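Taking it in order: structure first as structure tokens, then the write-up.
Side chains included, hydrogens not; waters and symmetry mates left out as well; all remaining heavy atoms used. Letters A, B, ... are given to chains in the order of the sequence lines, protein chains preceding strands, and every chain is numbered from 1. Computed from a predicted model, the values in this text were never measured in an experiment.
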2 protein chains.
Amino acid sequence: MNKDSKPVSLKHLPHKTIERLSQYRRALLICFEKGQTHIYSHEIAKIQHITAVQVRRDLMLIGYSGTLRKGYNVKDLIELIGQIIDDDKGIKVAIVGMGNLGRALINYFAGKRSKLSIVAGFDTNPDKIGNVMSGVPCYSAEEMNEIIARENIQIGIMTVPADFAVDVANNLVNAGIKGILNYTPKPVNVPKDVYLEEYDMITSLEKVAFFVKMKNTD
Amino acid sequence: MNKDSKPVSLKHLPHKTIERLSQYRRALLICFEKGQTHIYSHEIAKIQHITAVQVRRDLMLIGYSGTLRKGYNVKDLIELIGQIIDDDKGIKVAIVGMGNLGRALINYFAGKRSKLSIVAGFDTNPDKIGNVMSGVPCYSAEEMNEIIARENIQIGIMTVPADFAVDVANNLVNAGIKGILNYTPKPVNVPKDVYLEEYDMITSLEKVAFFVKMKNTD
DNA sequence: TGATCAATGTTATTTTTTTAACAAAAAACT
DNA sequence: AGTTTTTTGTTAAAAAAATAACATTGATCA
């Protein structure tokens, strides 16, 4: 229906909307592969455990219009979300810490064709350095500066033990990284021109435990 | 100073406050181990990249009072947060999917003495079943019902491939689990008496990429 | 001792996020 | 043809979360 590019101010898209767009796209891709051509807001909503209004509102914010009574065109919407959240030139990603978590992340990504590609891993373990693990070459931590510059890697994912978190973050920043995703339980500081996202698995589990406890004491 | 138990209504603690309390405690434990006895709100805030006001507000909500000009008593605060978010009887946790991510989580938890203990892992790989991995016994998926009931496991962490997510969630619910932490990129549905927390690593990375792209196009 | 300072605790305000309300319009039905 | 239904798009309201404002108070210092 409406394929015109809208004067949407991406600057002001709410953080939560960005997250949901990523999730909508993932759900839409599955629908697309099944051959589904259209989808209703309430169908998307059901998958994500949110309301249809929220879906429509998010899509309004990115200037996408569906077809009345037919819903949204799956293919078009996938493409538009891509235009919004992907960088058309693609972005390269490095994983620092090729332990279980680092390798789990690589495998999660494997196969997901995307504008994001994990092109390097770093570790200090000599047994790992020089190997290709799950398709990603593992380099020594000392090579970080060089590789990140040479490959123009813009995002670093930290999956090292907590004790190394601060040093690794500093190294990444010095190497010129633009965004960090920190899976370490240790919060780190970065200059404000570097985007930092932190996620702490222990906190998530403790949160689940709290609400389970609350349910128990009802 | 103020050790009286307050008539705090835990029911109404904001979700975000719960998450921060977990993080405060982690930071406080490190301080405690270093021998630090008191801490200011702005010190906690700095560690967590938030404002001192927010810290004080959170502590107000749980009814904790510090000492003017001395800050908060580290030990007392650790204990109080424990009373709030921990279940005093302890809660047992199972991990479904003993791949890289599952084992990474076990290792993250190892050593963190806590009221939460991961007591069982489940997998379908015969090479893993029957082994003790990182201190956690791995059982066959078929034994899920039995083990969860026998051990009184209340929380399940899902670290299986996306295709198994829905089935695993149903099995966990049938086995009587009270809370699920889903690390699968596939959203699942549970009855509303089961607390569900979902986290999607791909979304997080795409979010970082979006903000990096935004910074680039400034 | 009085003034200043540095911290807490709480209320008020603002911002962000979600939800509700409802108009509009295409399709389906009678 | 006209009425009903169903779905979108948007504005309005509510709820949740973060921030600001500020009163208070004990320590410090001139």
Does the side chain of [X] come under 3.5 Å of the side chain of [Y] through a donor N or O and an acceptor N or O?
X: Tyr72(A); Y: Thr67(A); answer: no
X: Arg20(A); Y: Thr203(B); answer: no
X: Tyr199(B); Y: Glu197(B); answer: no

For this session: Kindly indicate whether the side chain of Asp76(B), heavy atoms from C-beta on, has any atom under 4.5 Å from the side chain of Tyr64(B).
Result: yes
Exercise. Below 4.5 Å, heavy atoms only, C-beta onward: do Lys213(A) and Gln154(B) meet side chain to side chain?
Worked result: no
Show me the side-chain donor-acceptor pairs of residues 91-110 of chain B shorter than 3.5 Å, one per line, residues at least two apart or across chains.
residue, atom, partner, partner atom, Å
Lys92(B), NZ, Glu151(B), O, 3.2
Lys92(B), NZ, Glu151(B), OE1, 3.3
Arg103(B), NH1, Met98(B), O, 3.0
Asn107(B), OD1, Ser134(B), OG, 3.3
Asn107(B), ND2, Arg103(B), O, 3.2
Tyr108(B), OH, Tyr183(A), O, 2.7

Exercise. Can you find a side chain N or O atom of Tyr40(B) that sits less than 4.0 Å from OP1 or OP2 on dG9(C)?
Worked result: no
Exercise. So, is Thr67(A) close to the dT7(D) phosphate, meaning a side-chain N or O under 4.0 Å from OP1 or OP2?
Worked result: no
Problem set entry | Thr184(A) side chain to Ala162(A) backbone, donor-acceptor under 3.5 Å | no
Exercise. Is the shortest distance from a Lys or Arg side-chain nitrogen in Asp87(B) or Lys115(B) to a carboxylate oxygen in the other one below 4.0 Å?
Worked result: no
Problem set entry | Neighbours of DNA chain C within residues 15-26 of chain A, by heavy-atom distance under 4.0 Å | Lys16(A), Arg20(A)
Exercise. What string of B, S and - do you get for nucleotides 20-30 of chain D 5' to 3' if you count protein non-hydrogen atoms under 4.0 Å?
Worked result: B----BBB---
